[in-house]
Colleague: 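First the structure, which I've put down as structure tokens, then a few questions once you've had a look.
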There are 2 protein chains.
Amino acid sequence: MSIMKEALKTFEEHLKLNKMRMTQERRQLFSLVMSLKTHFNSEEVLEKIKKKNLQVSRATVYRVLPVLVKANLIQQSLLQEGQAHFEVKWNKDHHDHLICSVCNKIIEFKDNTIEILQREIATKYGFYLEDHVMELVGKCKTCKKN
Amino acid sequence: MSIMKEALKTFEEHLKLNKMRMTQERRQLFSLVMSLKTHFNSEEVLEKIKKKNLQVSRATVYRVLPVLVKANLIQQSLLQEGQAHFEVKWNKDHHDHLICSVCNKIIEFKDNTIEILQREIATKYGFYLEDHVMELVGKCKTCKKN
DNA sequence: CACCTTATTGAGACTAAATCTCAATAAAAA
DNA sequence: TTTTTATTGAGATTTAGTCTCAATAAGGTG
């Protein structure tokens, strides 16, 4: 089964489990959002909808994105500068971010040792760890020179 | 020299360096903000101003907090739920946060091994590391039980 | 299939947080 | 003391997101 179909099934199951209905709008948003390769925010999704002449309103976008988050298909990232940022999570390994303070370039990385240490810290303080955010901010290779 | 006086000097130097002026309003905000022990947001600062009958407007609060950030006296934390959050940074060790997803309790911690690993990661990707945010989200000891 | 219940939608009003405008004021340099 | 120019406050404005409610449509049931 293709990755997209599996993701769609996950979405459908999440909806059913919560007595929610699969609608044209949700299907359209699902396809649009899941095909995005980079970070995006709600307004960008809205723009793409207009460009493609899809019939999904602003209110619905703002209502469905959190549903996709709950279904574990996308995740909200905390590196917001005003607007809520999202990225596709489905079928992707967890990763953290290096962010350039000059050009805003985002590089993804993963470090297992840090993840282990994080779990140890949580345990030490009696926390049950659900999630984490780690963002390293600095100047990228290119911007460092200038 | 007292810690507060040193911080004030830092503030004054930052202002002079940027051709900015020390004003009554900035002095008042400096004192108010630097005495805060916990995380705070702009509206909370505004409330405290009203309670103390200080003469500082909303616009000025929103203008001066970023100046205090640039002067390295406070830092903006990214765990915002809508509003921009700040905390005093001056004279405090860097630390990261454990946040309870139920009661929003914040626990500060510091882990040197992680900091070293972070620097290694930055180097690996050619970044000059300026700052980082790490937030572990989960259920705290108390909320875990319920 | 037809019916019925109820979740969902869209348009636009509304809200909250933050920013902008511009004339009046006050720092600090001259 | 005068002059220059950064800063301020009041309120208008913007931005991002939420809310309302009548109309619609999903999807279970007979």
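In what follows, chains carry the letters A, B, and so on, assigned in the order in which the sequence lines appear, proteins first and then strands, with residues in each chain numbered from 1.
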Colleague: When you check the side-chain N and O atoms of B:Glu25 and B:Gln55, is any donor under 3.5 Å from an acceptor?
Modeller: no
Colleague: Verify the neighbour count for atom OH of B:Tyr125: are there more than 12 heavy atoms of other residues, nucleotides or ligands below 6.0 Å?
Modeller: yes
Colleague: Could you check how far CD of B:Gln28 sits from C1' of D:dT7, rounded to whole Å?
Modeller: 15 Å
Colleague: Nearest-Å distance, CG (A:Leu15) to P (D:dA26)?
Modeller: 13 Å
Colleague: Whole angstroms only, please: what is the CE-C1' distance between A:Met22 and C:dA7?
Modeller: 14 Å
Colleague: From NZ of A:Lys50 over to P of C:dA11, roughly how many Å is that when rounded to an integer?
Modeller: 11 Å
Colleague: A:Arg21 side chain: which of D:dG28, C:dA28, C:dT6 is closest?
Modeller: C:dT6
Colleague: Around atom NZ of B:Lys48, are there more than 12 heavy atoms of other residues, nucleotides or ligands at under 6.0 Å?
Modeller: no
Colleague: Mind calculating the distance between CD (B:Glu43) and C1' (C:dA18) to the nearest angstrom?
Modeller: 9 Å
Colleague: Aromatic rings A:His97 and A:His39: how do their planes relate, parallel, tilted or perpendicular, breaks at 30° and 60°?
Modeller: perpendicular
Colleague: Quick one, give me the B/S/- string for nucleotides 8-15 of chain D, reading 5' to 3', where B means a protein heavy atom under 4.0 Å from the base and S means that only happens at the primed atoms, P, OP1 or OP2.
Modeller: BBB-----
Colleague: Rounded to whole angstroms, how far apart are CG on A:Asn18 and P on C:dT6?
Modeller: 18 Å
Colleague: To the nearest Å, how far apart are A:Glu44 CD and D:dG17 P?
Modeller: 11 Å
Colleague: If you find the nucleotide of DNA chain C closest to B:Pro66 and the one closest to B:Lys16, which residue's nucleotide is nearer the 5' end?
Modeller: B:Pro66
Colleague: Specify the separation, in whole Å, of atom OH of A:Tyr62 and atom C1' of C:dA11.
Modeller: 16 Å
Colleague: Please tell me whether A:Asn72 and A:His14 have a donor and an acceptor in their side chains that are separated by less than 3.5 angstrom.
Modeller: no
Colleague: Counting neighbours of NZ on A:Lys110 that are heavy atoms of other residues, nucleotides or ligands and sit closer than 6.0 Å, is the number greater than 12?
Modeller: yes
